[in-house]
Participant: 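Attaching a single structure in structure tokens format; questions to follow.
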Amino acid sequence: VWAWPDEPRKGAQISSGWGDLVYDRESGSRHVLACTPMPEVLSDLSLDTLQAIYLSSDVMHHYNLPAKWIDAFSGASKVERMSIPYHNSLELLAAMAERTEHSNEFDLFPYLQIIVVHPGSRHAKQADHYHAAVDLSMVHLLTARRDANAPIQRLIVDESMSFWEVWSKT
């Protein structure tokens with residue numbers, strides 16, 4: 001499931017061809033409320049127009065390798081803001097730190113400026129044993145982006161996670 005954190009506003013219309021996609025023509029935003037697995041609706045989206053993405057825990061298991069994230073989302077090159085479920089983000093964080101050889105541009109979300117971190121819900125207890133690895137991946141991502149002069153400008157952390165030691169290392 002992939003959804004924007006706000007609800008569709010008055011005037012939202014469901015596209016006739018895509019029953020799972022809701023468009024808000026008032027504000028120009030696109031809300032993807034998918035009842036089907038994410039990979040099945042991803043190809044129907046114009047990834048090159050996305051500027052922000054909110055990922056729930058439910059979608060993370062579909063992309064269990066960094067290469068799968070890059071293959072699926074490399075077309076979303078204009079994304080500047082991303083919200084991720086921290087406990088389930090190991091492969092995504094690794095993918096966002098990768099660069100093409102001989103290039104200073106990142107393979108995934110090269111213009112990413114803001115990361116919003118939420119704890120997620122699904123499989124959080126199972127993913128908790130990856131906590132140290134996720135912490136290292138987060139620090140690696142932030143360091144790699146900074147060293148390549150493409151730093152993450154803002155890291156916004158859910159209050160329930162704000163006391164974690166990893167944030168002092170970023």
Side-chain angles (χ1 to χ4, degrees), residues 1-15 18-66 68-97 106-124 126-128 130 134 137-138 141-142 145 150-162 164 166-167 170:
V1 175
W2 196 38
W4 294 103
D6 53 345
E7 294 295 322
R9 294 178 189 89
K10 182 179 175 185
Q13 297 176 0
I14 297 176
S15 175
W18 303 332
D20 292 327
L21 304 182
V22 177
Y23 294 94
D24 180 353
R25 302 206 191 285
E26 261 181 40
S27 63
S29 65
R30 184 176 308 139
H31 310 274
V32 180
L33 306 171
C35 298
T36 56
M38 182 66 186
E40 293 177 25
V41 297
L42 192 60
S43 63
D44 293 333
L45 298 175
S46 297
L47 295 179
D48 61 332
T49 64
L50 295 177
Q51 295 175 347
I53 297 176
Y54 174 94
L55 295 170
S56 70
S57 297
D58 297 329
V59 75
M60 305 306 277
H61 73 278
H62 291 291
Y63 307 100
N64 58 358
L65 295 170
K68 288 186 178 184
W69 281 103
I70 293 168
D71 289 345
F73 288 93
S74 62
S77 61
K78 295 178 184 170
V79 169
E80 296 177 0
R81 179 184 174 107
M82 173 166 246
S83 182
I84 62 171
Y86 192 73
H87 290 291
N88 306 97
S89 64
L90 182 62
E91 292 81 9
L92 174 59
L93 293 171
M96 290 193 302
F106 287 89
D107 295 343
L108 194 59
F109 314 124
Y111 298 107
L112 187 64
Q113 296 178 18
I114 301 169
I115 299 176
V116 180
V117 181
H118 60 90
S121 57
R122 188 171 184 197
H123 309 299
Q126 295 94 320
D128 199 40
Y130 292 113
V134 175
S137 287
M138 176 61 82
L141 166 67
L142 296 173
R145 294 272 178 156
I152 300 301
Q153 300 295 320
R154 291 183 68 196
L155 182 63
I156 303 168
V157 180
D158 186 276
E159 187 176 354
S160 67
M161 304 162 56
S162 64
W164 292 358
V166 66
W167 312 126
T170 59

Participant: Going by heavy atoms in the side chains, are Trp69 and Met60 under 4.5 Å from each other?
Facilitator: yes

Participant: With a 4.5 Å heavy-atom cut-off, do Tyr54 and Val116 have their side chains touching?
Facilitator: no

Participant: How are the rings of Trp164 and Tyr86 set relative to one another: parallel (under 30°), tilted (30 to 60°) or perpendicular (over 60°)?
Facilitator: tilted

Participant: Please find the pair of heavy atoms, one from Pro119 and one from His87, that lie closest to each other, and give the distance.
Facilitator: O-CD2, 3.1 Å

Participant: Taking only residues two or more places apart in sequence, or in another chain, which ones meet Ala150 in a side-chain contact (heavy atoms from CB on, under 4.5 Å)?
Facilitator: Phe106

Participant: Atom CG of Asp107 and atom OG of Ser77: how far apart are they, to the nearest 0.5 Å?
Facilitator: 12.0 Å

Participant: Between Ile84 and Met82, what is the shortest heavy-atom contact and its length?
Facilitator: CG2-CG, 3.5 Å

Participant: Between Ser137 and Val134 (side chain of the first, backbone of the second, donor and acceptor by atom type, cut-off under 3.5 Å), is there such a pair?
Facilitator: no

Participant: To the nearest 0.5 Å, how far apart are CZ in Arg145 and CE in Met96?
Facilitator: 7.0 Å

Participant: Parallel, tilted or perpendicular for Tyr63 and Phe73, by the 30°/60° rule?
Facilitator: perpendicular

Participant: I need the Leu47 CG to Thr49 OG1 distance, nearest 0.5 Å.
Facilitator: 7.5 Å

Participant: Could you report the tightest heavy-atom contact between Met138 and Val117, atom names first, then the distance?
Facilitator: CE-CG2, 4.0 Å

Participant: To the nearest 0.5 Å, tell me how far Leu55 CG sits from Asn88 CG.
Facilitator: 10.5 Å

Participant: I'd like to check the side-chain contact (heavy atoms from CB on, under 4.5 Å) partners of Pro66; sequence neighbours left out, ordered by chain and number.
Facilitator: Glu91, Ala94, Ala95, Glu98

Participant: Can you tell me how far CD1 of Ile53 sits from CD of Glu80, rounded to the nearest 0.5 angstrom?
Facilitator: 11.5 Å

Participant: What's the spacing between Ile115 CD1 and Leu93 CG if we round to 0.5 Å?
Facilitator: 7.0 Å

Participant: Where do Leu112 and Ile152 come nearest, in terms of heavy atoms and distance?
Facilitator: O-CD1, 3.7 Å

